[in-house]
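The structure appears below as C-alpha cells.
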Amino acid sequence: MIPTLTSILGRLRFKQLSVLVALEECRSIHRAAERLNMTQPGLTKALHEIESTFGTQLFVRSKAGVLANELGQCVIRYARIQQTELGHLRDEMNGVLRGSGGR
C-alpha cells in the first residue's frame, strides 16, 4: 500500500532526493556515496529510510550494483523535478534580494 501524502511529507528529506538521483546516475552505492561525500553505510541507511518512507523497494541490488525498478524510476523522476523547483526558488529569492524582483 502506498503511504499517504502526509506520511511522505513528514518523513522525506531534501538530502534524500540527492541520494536517489546519485544512485540512479552512479548505479553503485559506493560511487554514489563518494559523490555525495557520505560513507557507504550512511548511504545504505539513507536508502533504507527512503524505501521505508515509500513502503516498497525502489532499487534492485546485485553484485553489479543497483538499478532502479519501475517504482524507483517514478520516484527519481519526481526527485529531479523537486530539485529543479528548489533551484528555481533559490534563483527567485536571489532576484528579490538583488532588487530585480521575483517571477
Side-chain angles (χ1 to χ4, degrees):
M1 184 167 127
I2 300 299
T4 64
L5 177 59
T6 302
S7 175
I8 293 170
L9 288 172
R11 296 181 64 191
L12 194 63
R13 297 185 308 268
F14 289 123
K15 175 73 173 176
Q16 292 172 325
L17 301 178
S18 297
V19 168
L20 291 168
V21 172
L23 281 168
E24 196 260 341
E25 290 176 354
C26 295
R27 297 184 184 208
S28 159
I29 290 176
H30 177 73
R31 287 192 303 272
E34 284 180 346
R35 176 185 286 186
L36 297 173
N37 295 316
M38 297 175 72
T39 64
Q40 194 167 339
L43 190 129
T44 299
K45 180 180 177 188
L47 177 56
H48 286 297
E49 290 171 355
I50 296 164
E51 290 179 327
S52 174
T53 295
F54 287 100
T56 189
Q57 189 173 358
L58 301 175
F59 289 85
V60 176
R61 291 121 169 115
S62 72
K63 290 182 181 183
V66 293
L67 187 62
N69 62 24
E70 190 173 357
L71 288 173
Q73 291 170 9
C74 178
V75 173
I76 290 164
R77 185 172 58 256
Y78 282 92
R80 288 181 187 279
I81 291 168
Q82 292 306 309
Q83 285 182 326
T84 299
E85 288 299 316
L86 286 169
H88 292 283
L89 170 62
R90 183 180 180 281
D91 293 344
E92 186 169 345
M93 290 175 71
N94 277 329
V96 169
L97 291 173
R98 286 191 307 257
S100 58
R103 290 185 185 184

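Atom set for the values below is all heavy atoms of this structure, side chains included, hydrogens, waters and symmetry mates excluded. Keep in mind that this is a model prediction, so the values were computed, not measured.
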Measuring from His48:NE2 to Glu51:CD, what's the distance to the nearest 0.5 Å?
-> 7.0 Å

Does Leu5 share a hydrophobic cluster with Phe54, counting links as ILVMFWY side-chain heavy atoms below 4.5 Å and allowing steps through other members?
-> no

Please name the pair of heavy atoms, one in Lys15 and one in Leu36, separated by the smallest distance, quoted to 0.1 Å.
-> NZ-O, 3.8 Å

For the residue pair Phe59 and Asn69, what are the closest heavy atoms and their distance?
-> N-ND2, 4.1 Å

Check: Thr53 side chain, Glu49 main-chain N or O, donor-acceptor pair, under 3.5 Å | yes

Are Leu86 and Ile50 connected, step by step, through hydrophobic side chains (Ile, Leu, Val, Met, Phe, Trp, Tyr) whose heavy atoms are closer than 4.5 Å?
-> yes

Without swapping roles, check the side chain of Arg35 against the backbone of Ala22 for a donor-acceptor pair under 3.5 Å.
-> no

Answer yes or no: is there a side-chain heavy-atom contact under 4.5 Å between Leu58 and Ile76?
-> no

Atom pair NZ (Lys45) and OG (Ser52), whose distance is rounded to the nearest 0.5 Å = 12.0 Å

Mind checking the OG1-CE spacing from Thr44 to Met38? Nearest 0.5 Å is all I need.
-> 8.5 Å

Roughly how far, to the nearest 0.5 Å, is OG1 of Thr84 from CG of Leu17?
-> 10.5 Å

Write down the atom of Gln40, the atom of Ile29, and the distance for their closest heavy-atom approach.
-> CG-CG2, 3.6 Å

What pair of heavy atoms forms the shortest contact from Gln83 to Ser18, and how long is it?
-> NE2-OG, 3.3 Å

Any luck finding a side-chain donor-acceptor pair between Glu92 and His88 under 3.5 Å?
-> no

So which heavy atom on Arg11 is nearest to which on Gln16, and how close?
-> O-OE1, 3.7 Å

Going from CG on Leu67 to CG on Leu23, what distance comes out if it is rounded to the nearest 0.5 angstrom?
-> 11.0 Å

Any sub-3.5 Å donor-acceptor pair from Ser28's side-chain atoms to Gly65's backbone N or O?
-> no

Pro3 and side-chain contact (heavy atoms from CB on, under 4.5 Å): which partner among Thr56, Leu9, Ile8, Leu12?
-> Ile8

Verify the cluster assignment for Val21 and Ile81: are they in a single hydrophobic cluster under the rule of side-chain heavy atoms below 4.5 Å apart?
-> no

Rounded to the nearest 0.5 Å, the CG atom of Leu20 sits from the CZ atom of Arg77 at a distance of 13.0 Å

Heavy-atom side-chain proximity of Tyr78 to Val75 below 4.5 angstrom | no

